[in-house]
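Taking it in order: structure first as structure tokens, then the write-up.
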Amino acid sequence: MRLRSTHLITFILVTISLIAFSPTVFAQKAKPNVLEIEQRLNDLGYWITKVDGRSDDSTRQAIIAFQKVEGLKRTGVMSAADMELLRNATKPTPKYTSGPAHVEVDISRQVLFYVGDDGTVQKIVSVSTGNEQKYFDEGEWQKAHTTRGNFKVQWKFNGERKASLGTLYYPSYFNGGIAVHGSPSIPPYPASHGCVRVPRFADKTLYKMMPVGMPVNVYDRQ
């Protein structure tokens with residue numbers, strides 16, 4: 001009887017041990033929480049409105065921006081592999097590493113870098129630029145192209161500006177009718193008529209960070 005009891009106890013202990021240390025439990029323990037993701041992204045310069053452990057649009061867009069910069073699949077969801085990269089990532093290097101403060105729009109990766117006077121990236125936000133498709137506006141066919149080159153902010157509109165193609169939120173114009181402006185639609189790929197769309201949670205603050213005369217460098221990553 002004692003032998004059977006001993007075997008039963010041993011079986012129960014082994015079963016509990018296997019369950020406790022199973023891969024599933026390990027995966028659950030290793031699963032990153034939102035606060036860790038937000039804090040790490042924020043430390044690297046990705047635009048998080050508030051590091052509080054509560055996922056919002058800035059959390060999702062920051063994850064997409066990170067995935068764009070690192071050449072990952074643009075899902076807006078942090079996988080275990082993505083998280084491992086995030087934990088070991090470094091702040092991206094801008095194309096122009098000297099001052100003064102300026103904005104860089106990386107067309108290839110669909111991100112905007114706000115670069116400080118010291119030549120380091122201070123803020124990173126996901127954008128959507130021209131999709132290269134034809135569209136009809138103001139009586140003629142045009143192409144949705146974001147021109148590459150070195151520009152400067154020419155003029156700005158403080159608020160919502162109604163245009164023929166839709167509403168532009170806090171636009172900063174740098175190349176004729178092409179502006180950096182807020183939009184409620186920022187897919188992880190080019191989708192605009194030529195402007196540089198930024199998320200609504202960042203548009204007003206970015207507008208204040210981009211005074212008239214600030215350099216805006218638009219390029220394809222080599």
**Request:** Identify whether the distance between the nearest side-chain nitrogen and carboxylate oxygen of Glu36 and Arg87 falls below 4.0 Å.
**Result:** yes
Common cluster, [X]/[Y], ILVMFWY with side-chain heavy-atom separation under 4.5 Å:
X	Y	value
Ile37	Val51	yes
Phe66	Phe201	no
Tyr207	Met210	no
Val69	Leu41	yes
Val105	Tyr219	no

**Message:** Taking the cut-offs as 6.0 angstrom to the six-membered ring centre and 45 degrees off its axis, would you call Lys134 and Trp141 a cation-pi pair?
**Reply:**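 Lys134 over Trp141 ring: no.
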**Prompt:** Is the Lys NZ or Arg CZ of Arg161 less than 6.0 Å from the centre of Tyr169's six-membered ring, within 45° of the axis?
**Reply:** no
Is there side-chain contact between [X] and [Y], with heavy atoms separated by less than 4.5 Å?
X	Y	result
Arg148	Ile107	yes
Leu86	Met78	yes
Phe113	Lys123	no
Ile186	Val127	no
Thr93	Val121	no
Val103	Asn217	no
Val196	Val218	no
Thr120	Gln122	yes

Which heavy-atom pair separates [X] from [Y] by the least distance, and what is that distance?
X	Y	result
Ile64	Pro188	CG2-CB, 4.0 Å
Cys195	Ser192	O-OG, 2.7 Å
Val115	Pro94	CG2-CB, 3.7 Å
Trp47	Met209	CH2-SD, 4.0 Å
Pro171	Gly159	CD-O, 3.8 Å

**Message:** Testing the 3.5 Å rule here: is there a donor-acceptor pair between the side chains of Thr59 and Gln61?
**Reply:** no
**Asked** Will you find, in the side chains of Gln110 and Ser126, an N or O donor that is under 3.5 Å from an N or O acceptor?
**Response**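 Checked: Gln110/Ser126 side chains show no N/O donor-acceptor pair below 3.5 Å.
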**Request:** Take Phe174 and Lys152, measure what side chain to side chain contact (heavy atoms under 4.5 Å, CB included) needs, and give me the verdict at the end.
**Result:** CA-CA 5 Å; Phe174 62 87; Lys152 290 185 178 180; over 6 Å; no
Is there a donor-acceptor contact under 3.5 Å from the side chain of [X] to the main chain of [Y]?
X	Y	value
Arg74	Lys68	no
Asp203	Tyr170	no
Thr167	Lys162	no
Thr146	Gly130	yes
Gln154	Gly176	yes
Ser58	Ile48	no
Glu38	Gly53	yes
Gln133	Ala144	no
Gln67	Val77	yes
Arg40	Ala89	yes

**Request:** Verify side chain to side chain contact (heavy atoms under 4.5 Å, CB included) between Val125 and Tyr46, making sure each step is shown before the conclusion.
**Result:** CA-CA 6 Å; Val125 66; Tyr46 293 92; over 6 Å; no
**Asked** Could you walk me through whether Val216 and Val153 pass the side chain to side chain contact (heavy atoms under 4.5 Å, CB included) check?
**Response** CA-CA 7 Å; Val216 178; Val153 176; 3.8 Å; yes
**Request:** Tell me, with the steps shown, if Tyr189 and Asn131 meet side chain to side chain donor-acceptor pair (under 3.5 Å).
**Result:** CA-CA 8 Å; Tyr189 50 81; Asn131 63 10; over 6 Å; no
**Item:** Whether Tyr173 and Trp155 hold their rings parallel, tilted or perpendicular, with breakpoints at 30° and 60°
**Value:**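 The rings of Tyr173 and Trp155 lie parallel, inter-plane angle below 30°.
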**Request:** List the steps, then state whether side chain to side chain contact (heavy atoms under 4.5 Å, CB included) holds for Leu72 with Leu85.
**Result:** CA-CA 10 Å; Leu72 306 172; Leu85 285 174; 3.6 Å; yes
